Amino acid sequence: MAEVRLYNTLTRTVDRFVPADGTTVRMYTCGPTVYNPAHLGNFRTFLFEDLLRRTLRLAGWQVHQIMNLTDVDDKIIKRASDRGLTITDVTEPIVDTFHADRAFLRIEDAEGYPKATEHIDEMIDLVARLMDRGAAYQAEDGSVYFAIDRFDGYGKLSRLDTRQIRPGARVSHDDYSKENAQDFALWKAAKEEDEKAGAAWNSPWGRGRPGWHLECSAMAMRYLGATMDIHCGGVDLVFPHHEDEIAQSEGATGAPFSRFWCHGEFLLTDGSKMAKRVGNVATVADLREQGVSAAAFRHFVFSTHYRKQLNLSAEALEASIEGVRRVGDFADRLAAATGATPELAEVAAEAEREAAEALFDDLNAPLAMGALFKFIKRANAELDRAGNDAGAIAAARNALAGINGVLDVIPDHGPADDAGEIEAMLAERRDARERRDFARSDAIRKELEDRGIAIEDGPTGTRWKRAR
RNA sequence: GGCGCCGUGGCCAAGUGGUAAGGCGGCAGACUGCAAAUCUGCUAUUCGUCGGUUCGAUUCCGACCGGCGCCUCCA
């Protein structure tokens, strides 16, 4: 096993990571609230988690990842009420969109996508345990709250002193009655709209629905045990979401909830956080409309370290499209090559080692990307020199596959349904060139270019490829 | 008001107490009928500003300027 180092929000340092059981990494990644298609900021986080799971596997560990789908919350209920629908009516199509978008971006499947509404029993059990331990109480409004002053470790993740909240901070106007302003809802008493929208369940504390934080604790422990290896999310979840998860989980079990906490930074647009309320969101659908491939978007996201803010811009996307085209051309060239200089094998081995080391060092994808491009440049130079070492070609293909297995930045070719027609045009162009009728030859090339087909005349004939 | 992050060439970006990876773009050359692709060379004596520590700082410390984020339901 390679040594993997990860930044742990709990310790605020980069620590050596090894799964507790020595073989399988049990990780929980906070998923989307399914009332609107997830935006690219959300996907930056999911992409970081994809990078993490692929890197852990490259290091030799097995990965068991759980991502929750939050399918009951205030916004979902509001939408359902506004439209006279149930929450399921609202969430089902969005769940489908989420999986489609995820697939488009080549985000690997997690081992499970539990829904909050299907784990109400587990949540009720968790609340009951907290009540038994005296860490929770039912208020006059019927809702159940977690009493943060009965959990010593409260604030250890975010390092926020909740007594210090000052003017200038966003202050909540909570509809519910609590003993302490910082206490958070575990179980919310049902209101009229909740019942109508199908968002209310029976519990020992009356009809109600789970609080936001509760689902993650309940489902994480159900699928990963009392203590998991890694818990991930966006930085905005550090407080209060993850802090509260720790409180309610550890308050119930007495065991550490997660050994590592890893958080991805924001995607910015127009210089500020991409968020619904800022009104600057872009989605996968927008990406597709603009013709930005999954490979290009992955390149864009991985060109900056995950703990650094990243600004979405047309220029940056353009650079990624072009960069990824180069990777694709290189992959094609390697696939078609039959032999190379022996030095290619050395170049490949070095690239593979550099990329892996970069990834193992707190997911330094930008550095790994640098290693990939250095590899492409050197390997192309070796291929230009020609050679007959087939083993070197195989080594280069393996190295590329290894690095790309994590980054996944080789763009797909377009559909090849009109290949015969293109070949016919190329045959005509070849005849024209033999007659030195370059006007005709260039006209055909122009026509193909207009159809998104690029031509490359080489010593062994003409190659063509579809724009990616 | 509290806490934290960031500021590297035209753009994106890695990085280290010893003198700046990589990508995009640009310029020149090789190859080509011309292109494209590819290769080669060039494109930051400098890392927000000002001080300090040090033999030496972009890298450590301090101040300042600028940007962003968190401080209760937002990835």
Side-chain angles (χ1 to χ4, degrees), chain A residues 12 29-33 38-49 70 73-75 158-172 174 181-185 211-213 232-241 243-244 263-268 271-278 299-300 303-305 307-311 313 315-327 329-330 332-333 354 358 364-377 380-385 433 436 438 441-442 445-446 449 454-459 462-465:
Chain A
R12 308 281 159 122
T29 50
C30 282
T33 298
H39 57 67
L40 297 181
N42 299 317
F43 277 111
R44 183 191 182 193
T45 298
F46 303 145
L47 245 11
F48 138 63
E49 293 156 353
T70 300
D73 98 313
D74 292 356
K75 288 181 292 257
S158 60
R159 302 192 182 184
L160 281 175
D161 183 344
T162 55
R163 290 162 305 187
Q164 294 291 320
I165 290 172
R166 289 288 176 82
R170 275 155 51 201
V171 177
S172 74
D174 210 300
Q182 276 86 51
D183 289 351
F184 57 90
W212 176 36
H213 318 300
C232 305
V235 279
D236 51 348
L237 296 187
V238 173
F239 188 89
H241 187 53
E243 194 69 64
D244 290 351
H263 295 96
E265 255 297 348
F266 287 133
L267 178 68
L268 310 182
S272 59
K273 169 182 175 175
M274 181 179 284
K276 209 66 194 158
R277 70 155 91 74
V278 182
H299 173 101
F300 165 68
S303 68
T304 298
H305 187 86
R307 285 192 287 114
K308 226 176 138 180
Q309 293 176 343
L310 168 63
N311 199 43
S313 69
E315 294 78 10
L317 243 25
E318 207 48 55
S320 289
I321 289 169
E322 199 47 37
V324 116
R325 194 228 82 231
R326 188 167 152 82
V327 183
D329 280 1
F330 174 63
D332 288 348
R333 189 176 186 188
E354 275 182 18
N364 195 335
L367 189 57
M369 201 72 83
L372 172 61
F373 278 91
K374 209 169 5 170
F375 172 42
I376 291 172
K377 191 187 187 73
N380 269 322
E382 290 304 325
L383 290 167
D384 279 358
R385 287 172 56 204
R433 292 182 75 211
R436 302 193 70 77
F438 296 120
S441 158
D442 290 350
R445 180 167 64 197
K446 178 71 169 53
E449 274 171 5
I455 301 299
E456 292 175 18
D457 294 324
T462 298
R463 290 174 42 209
W464 65 276
K465 65 182 182 185

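Naming: A, B, ... by sequence-line order, numbering from 1 per chain. In this text the structure is predicted, and so the values were computed from the model without any measurement.
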Strictly below 4.0 Å: does A:Lys308 bring a side-chain N or O up to OP1 or OP2 of B:rA14? yes
So which heavy atom on A:Phe184 is nearest to which on A:His213, and how close? CD1-CD2, 3.6 Å
With a cut-off of less than 4.0 Å, is there a side-chain N or O of A:Lys273 near OP1 or OP2 of B:rC70? yes
Earlier contact from the 5' end, RNA chain B, for A:Phe438 and A:Gly323: A:Gly323
Once you apply a heavy-atom cut-off of 4.0 Å, does A:Ser441 come out as touching a base, just sugar-phosphate, or nothing? base
Which part of the nucleic acid does A:Glu322 contact within heavy-atom distance under 4.0 Å: base, sugar-phosphate only, or nothing? sugar-phosphate
Which nucleotide in the set B:rA75, B:rU40, B:rA21 lies at the smallest distance from any side-chain heavy atom of A:Leu267? B:rA75
Are any side-chain N or O atoms of A:Glu243 and backbone N or O atoms of A:Ser158, one a donor and one an acceptor, separated by less than 3.5 Å? yes
So, A:Thr70 side chain and A:Thr33 main chain: donor-acceptor pair closer than 3.5 Å or not? no
Inter-nucleotide P distance (B:rU8, B:rC3), Å rounded: 26 Å
Can you tell me if the side-chain N/O atoms of A:Lys377 get under 4.0 Å from OP1 or OP2 in B:rU38? no
Send over the distance from A:Gln309 CD to B:rC5 C1', rounded to a whole Å. 7 Å
N/O (side chain, A:Arg12) to phosphate O (OP1/OP2, B:rC3) under 4.0 Å: no
When the C1' atoms of B:rU19 and B:rA44 are compared, how many Å lie between them, rounded to an integer? 13 Å
Closest approach to the side chain of A:Ser272, judged atom by atom: which nucleotide of B:rG69, B:rA75, B:rC73 is it? B:rG69
Rounded to the Å, how far apart are A:Glu449 CD and B:rA36 P? 9 Å
Judged by nearest nucleotide, the residue sitting upstream toward the 5' end of RNA chain B, A:Arg463 or A:Trp212, is A:Arg463
For the residue pair A:Thr462 and A:Asp457, confirm or rule out a side-chain donor-acceptor distance under 3.5 Å. yes
Under 4.0 Å, counting only non-hydrogen atoms across every strand here, what does A:Ile455 touch: a base, just sugar-phosphate, or nothing? base
Within the structure shown, what part of the strands sits under 4.0 Å from A:Leu383 by heavy-atom distance: base, sugar-phosphate, or nothing? nothing
Ignoring backbone atoms, establish whether A:Thr304 has a side-chain N or O less than 4.0 Å from OP1 or OP2 of B:rA13. yes
What interatomic distance, in whole Å, is found between C1' of B:rA30 and the corresponding atom of B:rC6? 43 Å
For the backbone of A:Ile455 and the side chain of A:Arg445, can you confirm whether one donor and one acceptor N or O come within less than 3.5 Å of each other? no
Mark yes or no for a side-chain to base donor-acceptor pair under 3.5 Å between A:Asp384 and B:rC31, with no hydrogen or angle criteria applied. no
Rounded to whole angstrom units, what separation is found between the CZ atom of A:Arg445 and the C1' atom of B:rA35? 4 Å
Rounded off to whole Å, could you give me the CD-to-C1' distance for the A:Glu265 and B:rC5 pair? 7 Å
Would you find a donor on one side and an acceptor on the other, under 3.5 Å apart, between the side chain of A:His39 and the backbone of A:Asn42? yes
Would you confirm whether A:Arg433, through its side chain, and A:Phe438, through its main-chain N or O, come within 3.5 Å as a donor-acceptor pair? no
Ignoring hydrogens and angles, are the base of B:rA37 and the side chain of A:Arg326 linked by a donor-acceptor pair under 3.5 Å? no
Ring of A:Phe373 versus six-membered ring of B:rG22: centres under 5.5 Å and planes under 30°? no
Between atom CD1 in A:Ile321 and atom P in B:rG25, what is the gap in whole Å? 11 Å
C1' atoms of B:rG25 and B:rC65, separation to the nearest Å: 30 Å
Could you check whether the side chain of A:Arg385 and the base of B:rC39 have a donor-acceptor pair of N or O atoms closer than 3.5 Å, going by distance alone? no
Find the distance A:Leu317:CG to B:rA13:P and express it as a whole number of Å. 13 Å
Nearest-Å distance once atom P is located in both B:rA14 and B:rG51: 28 Å
Would you say A:Asn380 reaches B:rU38's phosphate, i.e. side-chain N/O to OP1/OP2 under 4.0 Å? no
Ring pair (Phe, Tyr, Trp, His ring centres under 6.0 Å) partners of A:Phe375, counting only residues at least two apart: A:Phe330
Applying a 4.0 Å non-hydrogen cut-off, can you work out what A:Gly233 is touching in the nucleic acid: base, sugar-phosphate, or nothing? sugar-phosphate
Between A:Asn380 and A:Ile376, is there a donor-acceptor pair closer than 3.5 Å when you use the side chain of the first and the backbone of the second? yes
For A:Ala316, which contact category applies under a 4.0 Å heavy-atom criterion: base, sugar-phosphate, or nothing? nothing
Is A:Arg436 touching bases, backbone alone, or none of the nucleic acid, heavy atoms closer than 4.0 Å? sugar-phosphate
Return the nearest nucleotide to the side chain of A:Glu456; candidates are B:rC11, B:rC24, B:rA37. B:rA37
With a 4.0 Å limit, can you tell me whether A:Asn364 has a side-chain N or O closer than that to the phosphate oxygens OP1/OP2 of B:rA21? no
For B:rG23 and B:rC73, measure between their C1' atoms and round to the nearest Å. 39 Å
Under 4.0 Å, heavy atoms only, any strand: does A:Gly458 hit a base, just the sugar-phosphate, or nothing? nothing
If the P atom of B:rG10 is compared with that of B:rU53, how far apart are they to the nearest Å? 32 Å
For atom P, what is the distance between B:rC68 and B:rU38, given to the nearest Å? 38 Å
Can you tell me whether the side chain of A:Asp236 and the base of B:rG69 have a donor-acceptor pair closer than 3.5 Å? no
For the side chain of A:Ser320 and the base of B:rG23, is some donor closer than 3.5 Å to an acceptor across the two? no
Base, sugar-phosphate alone, or nothing: which one does A:His39 contact when heavy atoms must sit under 4.0 Å apart? base
In whole angstrom, what separates A:His299's NE2 from B:rG22's P? 14 Å
Closest nucleotide among B:rU72, B:rC11, B:rC12 to the A:Phe239 side chain: B:rU72
From CD of A:Glu318 across to P of B:rG26 the rounded distance in Å is 12 Å
Under 4.0 angstrom, heavy atoms only, what part of the nucleic acid is A:Arg433 near: base, sugar-phosphate, or nothing? base
Tell me what A:Asp457 touches on the nucleic acid: a base, only sugar-phosphate, or nothing, going by heavy atoms under 4.0 Å. base
